[in-house]
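Just below is one structure, and these are the notes that go with it.
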Number of protein chains: 2
Amino acid sequence: MTTSRLPARIQDVAAAAGVSVSTVSNVLNRPERVNARTADRVRSVIAALDYVPHPGAAGLRSGRASSIGLVLPDIVNSFYARIARGAAEAAYEHGFSLVLCDSGDHPDREREYFDMLAEQRAVGVVVAPLGADPDRLTRLRRRGIPLVLTDRKMPPQEGCSVAVDDVTGGRLAVEHLLDSGARHVLVVNGGHGIRQCADRYQGARQAIRSRRGARLDQVVAGQMTVAAGAAVARDLSTLPDAVFCTNDFLAVGMCQGLTQRGVRIPGDVQVVGYGDLDVATLAATPLTTVRQPVEDLGRTAVQLLMDEIEASDEHVHETRVFGPRLVPRDSTGVA
Amino acid sequence: MTTSRLPARIQDVAAAAGVSVSTVSNVLNRPERVNARTADRVRSVIAALDYVPHPGAAGLRSGRASSIGLVLPDIVNSFYARIARGAAEAAYEHGFSLVLCDSGDHPDREREYFDMLAEQRAVGVVVAPLGADPDRLTRLRRRGIPLVLTDRKMPPQEGCSVAVDDVTGGRLAVEHLLDSGARHVLVVNGGHGIRQCADRYQGARQAIRSRRGARLDQVVAGQMTVAAGAAVARDLSTLPDAVFCTNDFLAVGMCQGLTQRGVRIPGDVQVVGYGDLDVATLAATPLTTVRQPVEDLGRTAVQLLMDEIEASDEHVHETRVFGPRLVPRDSTGVA
DNA sequence: CTGTTAGCGCCTTCAG
DNA sequence: CTGAAGGCGCTAACAG
């Protein structure tokens, strides 16, 4: 046995097995083209030498790389973390490595990450885009890098996307309140400049319209935080039967504020939130909320990317929309 | 202008600029060796052609790759997400790409990720290791891949590590309680099999020992959840002056349970948590807690890796320990 | 079925 | 200061 360097190269294997380099390559990539006995011999040498192919070199020659990018505004936000988890699992299953790009909400950083991924010849990118500037995205696409958008729909000719159906979510939330006996529902919302907020409100209106005698009001909170929700609760002049907060933080604040005013939940006022964040289960009264299959977003985004890469000829772009689900807990449903 | 393929290669640049390939390479890598005027001309061609070097090919030749691995048990856990954010920032600043490996708490998956990173010739790995089996780790090291451990100390001859000082954290928490007038402190802890729990308790004892007439008790909760904390509160036969929960979830549950018993916080009993999770600010009474500089863990881990890679000759392994900080909120400090 | 040959895109001696 | 040549580890024709 000659002293071959670490890590072993394909030629070390070839030499040790007494075959040519290409035979080793064939054993790895097209086993059907090589005699079973030689293949076995080569394989045992591969195992003995602990040989693993160098994917960089392989990609250089074959043209196909093996990393995909994941560009997110903030990995500490559990929504994006759940996307990341779903994407990581799918990438793992397909044998791709996932490059994490956390833009920290900086559009410049996002663009630089796009450039970096282009330089690296990433085979595709999953992105939860920041802001509304589609230009950054089309630049990537022009470089020939497939792109899948999460949490935002995309014109189908541009590429694939995955999203959750916020209209349905809003409808489910308010239907649940009405089914539990509410007549006068207040929506505590973020600004309608946020697409999700507008959609959830639209769903709420759908639910109200289909029910006689039901009434819907809306108040827009400055921010979507616990403090803002509590402030709204404090300032309420007349109490509704039920409150739909378009985010769990608002809802927790609402519960705190109402409780401080001596209002019982759900006895006097029912409250439903949105998102099923950790905080929903942890609140003093566990919060009824709308759960979104966020992991599926990430997982599906990667799968769509795989499809576009592997069957690029007959791939047609699509938008996959996931339905949310109501999770009843203690803050709704009159005892 | 000839029709050169996309993306542009170094030879396209060379041809367009009327110089040789190596001159372009020099402009990029050792600008001092090339005439300023030619360099400028080359640079403008680079810009015009939107040329970016192919890091895979570069690494193949030069031996240095440019990706580092980040192996975590669960990216949705905010502790690890914060490590990831710190690591991502540092990696970005150093021009490395971060490969996210979420093992989902599966030791097998963790090992497979290690193998994958070795195959890819990652230049280094940051890992928040799962379980106590150091064998998986030394395998990586034997392959010559530098390794930095987070949230666990490592024998210095093995490699670098970063950690937070849980003993100090426990001491800070209990000192704060004592300073606020408490005499009888109850520690609500997880199992001492968890190193963090044991350390935090040890810190608590240090604080007690330095104060005359102070008394410390401990109760071990089954899990470190809100429900478990509430259960402990419910089952308490005699009330202490103050409670130190070694985790914010336990603390929130403790607050809920005490409040239900009609106990006022902090008037009757003070409560301090650990971790400064989101939930600490969001609880009905915002929770005094111990904040750990978790982002610094991730950031520093990557920096240590960079040092080991770039100055591998004179690099000496070290363990960097970060001090926690007490964050006073409403659940402590008698009014 | 196996081996030879020619690059993938880049960097790096070594001559000019 | 610049250019020509060789090779990093691997794959993909193409011969044999």
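Throughout, protein chains are lettered first and strands after them, A, B, ... in sequence-line order, and every chain is numbered starting at 1. Hydrogens, waters and symmetry mates play no part in the numbers below; they use all other heavy atoms, side chains included.
The side chain to side chain contact (heavy atoms under 4.5 Å, CB included) with A:Phe322 is formed by just one residue from the set A:Thr300, A:Val294, A:Asp165; it is A:Thr300.
Panel note: side chain A:Gln292, backbone A:Val164; no donor-acceptor pair is recorded below 3.5 Å.
Listed pair B:Asn29 / C:dC11 meets the phosphate criterion, a side-chain N or O lying under 4.0 Å from OP1 or OP2.
To the nearest 0.5 Å, atom OG of residue B:Ser66 and atom CD1 of residue B:Ile309 are 10.5 Å apart. For the atom pair B:Ser103 OG and B:Arg111 CZ, the distance stands at 12.0 Å (nearest 0.5 Å).
Atom pair A:Leu60:CG and C:dC10:C1' shows a separation of 8 Å (rounding to whole Å applied). Atom NE2 in B:His54 sits roughly 14 Å away from atom C1' in D:dC8 (whole-Å rounding). For B:Gln11 and D:dG3, the CD to C1' distance is 15 Å, given to the nearest whole Å. Following rounding to the nearest Å, A:Asn26 (CG) and D:dA15 (P) show an atom-to-atom distance of 17 Å. If you take CD1 of A:Ile10 and C1' of C:dG3, they are 13 Å apart, rounded to a whole angstrom. Separating the CG atom of B:Leu28 from the P atom of C:dC11 is a distance of 7 Å, rounded to the nearest angstrom. For the pair B:Glu119 CD and D:dC10 P, the interatomic distance rounds to 11 Å; values are reported in whole Å.
For the segment residues 30-38 of chain B, residues with any heavy atom less than 4.0 angstrom from an atom of DNA chain D are, sorted by number, B:Glu32, B:Arg33, B:Val34, B:Asn35, B:Thr38.
Comparing B:Arg121 and B:Val19 along DNA chain D, the residue whose closest nucleotide (by nearest heavy atom) sits nearer the 5' end is B:Val19.
Between D:dT11, D:dT2, D:dC8, one nucleotide has an atom nearer to the side chain of B:Thr23 than all others, and that is D:dT2.
Residues B:Ser161 and B:Thr319 have side chains that bring a donor and an acceptor to within less than 3.5 angstrom of each other.
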Nucleotide N/O to protein N/O under 3.5 Å, stretch nucleotides 4-6 of chain D:
residue: D:dG6; atom: N2; partner: B:Arg61; partner atom: NH1; Å: 2.9

Can I get a per-line list of side-chain donor-acceptor pairs under 3.5 Å for residues 39-50 of chain A, giving both atom names and the distance, sequence neighbours left out?
residue: A:Arg41; atom: NH1; partner: A:Ala17; partner atom: O; Å: 2.4
residue: A:Ser44; atom: OG; partner: A:Arg41; partner atom: O; Å: 2.8

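When the shell of 6.0 Å around CZ of A:Arg33 is examined, it contains 12 or fewer heavy atoms from other residues, nucleotides or ligands.
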**Request:** May I have the step-by-step check of salt bridge (charged side-chain N to carboxylate O under 4.0 Å, His left out) for A:Arg299 and A:Glu89, ending in yes or no?
**Result:** CA-CA 7 Å; A:Arg299 162 182 299 286; A:Glu89 282 188 358; 2.4 Å; yes
**Message:** Evaluate B:Arg85 against A:Asp74 for salt bridge (charged side-chain N to carboxylate O under 4.0 Å, His left out), listing each step before the verdict.
**Reply:** CA-CA 8 Å; B:Arg85 181 203 265 161; A:Asp74 178 15; 3.2 Å; yes
